[in-house]
Every structure is written in C-alpha cells, then in structure tokens.
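Report on one structure; see the data block that follows.
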2 protein chains.
Amino acid sequence: MSTAERKAREKEALKSLILKGAKKLFIEKGIDQTTIRNIADEIDYSVGTVYVYFKDKNAILHDLHSIGFHELGGYFKGLFAILDPMERLKEMGRVYIKFAMENQEMYDLMFNLKAPMEFLESSEEGGWNEGVETFGSVKTTVEQCMEKGHFKGHLAEPLSFMIWSMVHGMCSLEIRQRTKGVKFSKPESILFDGYKEYVKMIGKL
Amino acid sequence: MSTAERKAREKEALKSLILKGAKKLFIEKGIDQTTIRNIADEIDYSVGTVYVYFKDKNAILHDLHSIGFHELGGYFKGLFAILDPMERLKEMGRVYIKFAMENQEMYDLMFNLKAPMEFLESSEEGGWNEGVETFGSVKTTVEQCMEKGHFKGHLAEPLSFMIWSMVHGMCSLEIRQRTKGVKFSKPESILFDGYKEYVKMIGKL
DNA sequence: ATTATTTTTGAACGTTGTTCATTTTTTGAA
DNA sequence: TTCAAAAAATGAACAACGTTCAAAAATAAT
C-alpha cells in the first residue's frame, strides 16, 4: 500500500473515532449537554483536531444523523421478507417505534433537531437522501397494499405521509416529554397501546 | 388604590412587556437566535432586569408556551358549537394544523422544545395543565364519537393519542424541515393533502 | 429633608463554538 | 542516518452566550 492510501485510511479512522466518541457522549448525557471539548477529551485529542476533521458542530451532527439512518436500516432489514404488504406495514410501524425508543437521542437527531437540515442547506449535497429512502420504503409498501385492494379512495403518497406522521408523532411526543405531561390511564404502556390502535386503524382502511 | 397594589400591577405589566418583546423576537428571528440581551434591548431595559422578573430563560420559554396554548384556545373556540362529534373531530384537526402553520415558532415551543418541560420539572407546579386540557378536548370528542357508534373496537384514550400524534406528526415534520427533504409530488400542498387523508381515515373507523 | 426600601443596572464570571499561528510529528531524498 | 519539507495536532485567544450580584438610581415613607 502507498503512504497516501494509508494516510487516507488513518484520516477516515480518526473521523470515525470522533463520531464514535460523540455518539457515546450524546447517549450518555444528551446532545445539548455535550460540547466539542467533551468530545475531544473523550478521545484524547485537542479541540483543534476535531475542527480539522469537521467543519463545525453541525457537520458532526449531520454525519451522526446519517449513521442513525444506517442503524434504522438494520432494524428495517428483513422487513421486505414479509411478502404481505399489509403485514409488512404493521411490522414496519412496530419496528420504527422500537428503534425510536431504543435510540432516543439518535431519533431526535434524525427527525427533530434542526442541525442536520441546516448542514444540508449549507452544503452542496443533493438533498435529504436518508429521509427520501426511508419514506420510500413506506410509500412502496402502501402502494403494494393498494394494488391488493386496500386503502380504497386514498392517495398513496399523502396516505404514506400520514402513516409516517402518526408513528413519528407518537415517538416525538414521547421523546419530547409530552406524554408524561398528559396523564394517561396507563402511562407505562401508552406507546404500545397506541401501536395497537395503529394496527386496527390501517386494518380498517 | 394603594401603592402596593399599583406596584404589583406595574410588576405584572413589565413581566408582560418582557414576554411580548421575547415573542416578537422569537417570531422575527427564531427562538434559538434570540438572546436575553436581545430581549432586554428590544424593550429598553437591562439584562439584569429580565432576571428580576424571570428566574431564567426556561421560565420565559414556559410562560410563552402557556401564552401559546391560550392562543390555540382562541383557534379552538367555537369548535364545541359543532354538535356532531365526528364533524368536530375533523374540524379540530384542520384548525390544529392551521394554528401550527400560522404560529410555527410558538407551536415548536409548545410541543417540541424541551425548555418548557424542564421548567415544569424544576418547579412545584402540578403538571402540564395546558397539554392535559388540550388533549382532553380531543379525548372528549372521540368518546362522543364512540357513543354515536363510531370507532368500534377501539379504545378512546389510545385512539385519541394516535389522532393527536397523526396531526402533530405532520406539523412537526413540516416545521422541522423533514418534508422539504422528502421530495413529494406536490410539496406545496402536502399538509392539505395529508389532512384530506386524515378526514378519510377517521371517516372509515 | 432624610432615611429606608424598591427597582434597575451593567461589569464580570464561567462556558460555549470556533479560529489559527505555532509546535510536533511524519515523510522521503540525500 | 540526517535533515528539510509537508502534514497533523495543538491550545491560547476571541466573540457571544446565560447568569449573577454589588452598586447605583429611583421611589416611598417618615
């Protein structure tokens, strides 16, 4: 291997190390309680070094948001082995909620925080590919449901958006503490009870 | 009137002035681009004065979040003049979305930002009364729908939560720029098209 | 008029994201 | 091995933030 190649690999390795440290701290103490100095300390490098590898904090948040989508992809893997699109749509909701609950800070980064979108605006990347792809898998499944005779009278794209909204809405309210506020009869299982309603709902459409 | 009474009134007036200035700046340039110094400048007082009237920034954000709920109440006023609960539920969704789109920063404060909930935790207030009350009006309407024979097989509370989640989800995705990312066929009307699906959906339940 | 109380002030503190001249390390030809 | 050039890492310094508090100014009470 050439020296240049090795250097390039080392650069990538350090970039990954920074992201790994950042993710660890994000999960441990929350995203807005984590500073660049914290991240630098965590991996035994100086603040300056972090800025050699990332333009600014938004760049770190964006890269981590992409990693989040990759992890969501892991949860979604196997979903298309379910051939019945209706069953797949139900399972997709369950898995989405599971991901959100098991990765709350990452979910927040992916779907709530402004930083990753601000990064996109200030860069020449095409667009929000991660979001496009994820929404695409919902939309495809909805279209297959319609081909099988479900969702009569509905339009695939806006309906897919509403299904996404419904599941995202409950995860978002939970993560942003709005469910704790509203005193539910069974607060400990409101997400699961909500999911059961979701299953009934799409079954009726 | 006594001097004490007048002073108490003046204190309230200045508190309102601070909130008014804060709200203006929030709407003009966004919540996280607004600093305490900005607010103080806006109303021609010093930073120190702001801290005499508010414990910290969270306290301002919480009070403004309460004002937001009062404004949402204005949008909701008249909703219970619609006697048919099904029609009322549909209209409730429309009005909720209208409020969210016309008051994006306030909506963000009410349902997305952590600050108002953090303030609640660090104070001895009972709970999130604003949220409880708003959710209550959805739940009441859903229960009335069920009394009229709709939503068979559903549970009122989790179903209400899902309906709230659905409408909140779309507003939240829009406000947090996640709809711009996903390239919809008709991006300019995705919220309205989504609302039409919402109407169809609850009509089928 | 004088004193006591209340209200307002803004300099100062610790922390944040960010920059960049300087130092340290690594490289490859002599 | 030696050493100048290139690359990588550093951390002091900056501006701006939320927050505090001793001092000053304004008002009320005697």
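Order of the sequence lines sets the chain letters (A, B, ...), proteins ahead of strands, with each chain counted from 1.
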| Who pairs with A:R176 by salt bridge (charged side-chain N to carboxylate O under 4.0 Å, His left out), at least two apart in sequence or on another chain? | A:D108
Per-pair distances, 0.1 Å, donor-acceptor, side chain in residues 196-205 of chain A, under 3.5 Å, sequence neighbours excluded:
unit_1 : atom_1 : unit_2 : atom_2 : d
A:E197 : OE1    : B:H154 : ND1    : 2.5
A:E197 : OE2    : A:K200 : NZ     : 2.9
A:E197 : OE2    : B:L155 : N      : 3.4
A:Y198 : OH     : A:L89  : O      : 2.9
A:K200 : NZ     : B:G153 : O      : 2.9
A:K204 : NZ     : B:K152 : O      : 2.7
A:K204 : NZ     : B:H154 : NE2    : 3.4

| Contacts of A:D63 that satisfy side chain to side chain donor-acceptor pair (under 3.5 Å) - sequence neighbours left out | none
| remark: Taken in chain and number order and not counting sequence neighbours, the residues that satisfy side chain to side chain donor-acceptor pair (under 3.5 Å) with A:E124 are none
| said: Enumerate the side chain to side chain donor-acceptor pair (under 3.5 Å) contacts for residues 44-54 of chain B, please, sequence neighbours excluded, ordered by first and then second residue. | reply: B:S46-B:T49
Could you list the protein-to-nucleotides 23-27 of chain C atom pairs, N/O on both sides, closer than 3.5 Å?
unit_1 : atom_1 : unit_2 : atom_2 : d
C:dT27 : OP1    : A:R6   : NH1    : 3.4
C:dT27 : OP1    : A:R6   : NH2    : 2.0

| Which residues share a side chain to side chain contact (heavy atoms under 4.5 Å, CB included) with A:S66, sequence neighbours left out | A:H62, A:E130
| For B:K180, side chain to side chain contact (heavy atoms under 4.5 Å, CB included) partners two or more places apart | B:Q177
| remark: Here the helical stems involving DNA chain C, each at least 3 consecutive Watson-Crick or G-U pairs closer than 3.5 Å, sorted by first residue number, are C:1-30 with D:1-30
What donor-acceptor contacts under 3.5 angstrom involve side-chain atoms of residues 17-33 of chain A, with partners at least two apart or in another chain?
unit_1 : atom_1 : unit_2 : atom_2 : d
A:K23  : NZ     : A:E71  : OE2    : 2.5
A:K24  : NZ     : A:E42  : OE2    : 3.0
A:K29  : NZ     : A:Q33  : O      : 3.4

| task | Enumerate the residues from residues 14-43 of chain B whose closest heavy atom to DNA chain C is under 4.0 Å, giving them by residue number; use none for an empty result. | result | B:L14, B:R37
Could you list all N or O pairs between the protein and nucleotides 20-26 of chain D that sit under 3.5 Å apart?
none

